[in-house]
Each structure stands twice: as C-alpha cells, then as structure tokens.
Amino acid sequence: MPALEWAGRLWPIADDDFVAFGLLDAAIRALYVSYLAHACLELRNRADGEGDDPWPLSGDCSDEIQVFLLVAISLACAVLLADLLLAISSASGTAWQPRKRRA
C-alpha cells in the first residue's frame, strides 16, 4: 500500500495499518457502552425503588444523571461506529499491494 496522504503531507503509515487499532478501539468502546448502559438501567431501577437498596439521590438529580448517561451512550456508539467503518475501510486493501486501491 502506498503511504497515507492526509492534510497535505505524506505519512509513512499505510492506511491498512488501522485495522488492528480500529478493532481494538471498537472492542474497548463496546465494553464502555455496555458499562454505561448497565449504569443507566441500574439508575432507573433504583430510582423506581426496584433495586436491592434505595437510590440515595433525589429524583430530580437522577433524571439529570440519566440524561447525561444517555448522551454519553449515544456519543460512544457514534465513535464505535466510526471505528468499525475505519477498520472495514482499511481492511479492503493488502499491505503488499503497490497500487492504489479502488474505492
């Protein structure tokens, strides 16, 4: 693969090198999204009084925390999707291919 050209420079990294990094970051981000989703569900259950122990915060504060968690989940899902698209796009060529790949 030829070197990566970005921002007017020629970088000495091939664009197929992003496969492993994209997949690793996607895996870590998936764990992060699952943790945030669990926290959001646990917050909802405890605020409704269904959990093992009552939620110590007031109802007004728990709504704001839940909105924060939902925004964090949606942003993390967007980055997860971008990581997977980067890995798929980078995997379409091979390292020993000397010509540019077709888009």
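By convention here, the first residue in the shown sequence is residue 1.
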Closest non-hydrogen contact found for Cys40 with Leu70 is SG-CD2, 3.8 Å
When the side chains of residues 27-39 are checked against the rest of the protein, which donor-acceptor pairs come out under 3.5 Å, sequence neighbours left out?
from  : atom 1 : to    : atom 2 : distance (Å)
Ser34 : OG     : Ala30 : O      : 3.4
Ser34 : OG     : Leu31 : O      : 2.7

Distance in Å, Asp25 CG paired with Leu80 CG, rounded so as to fall on 0.5 Å steps | 8.5 Å
Atom CG in Leu86, atom CG in Leu23: separation rounded to 0.5 Å?
-> 9.0 Å
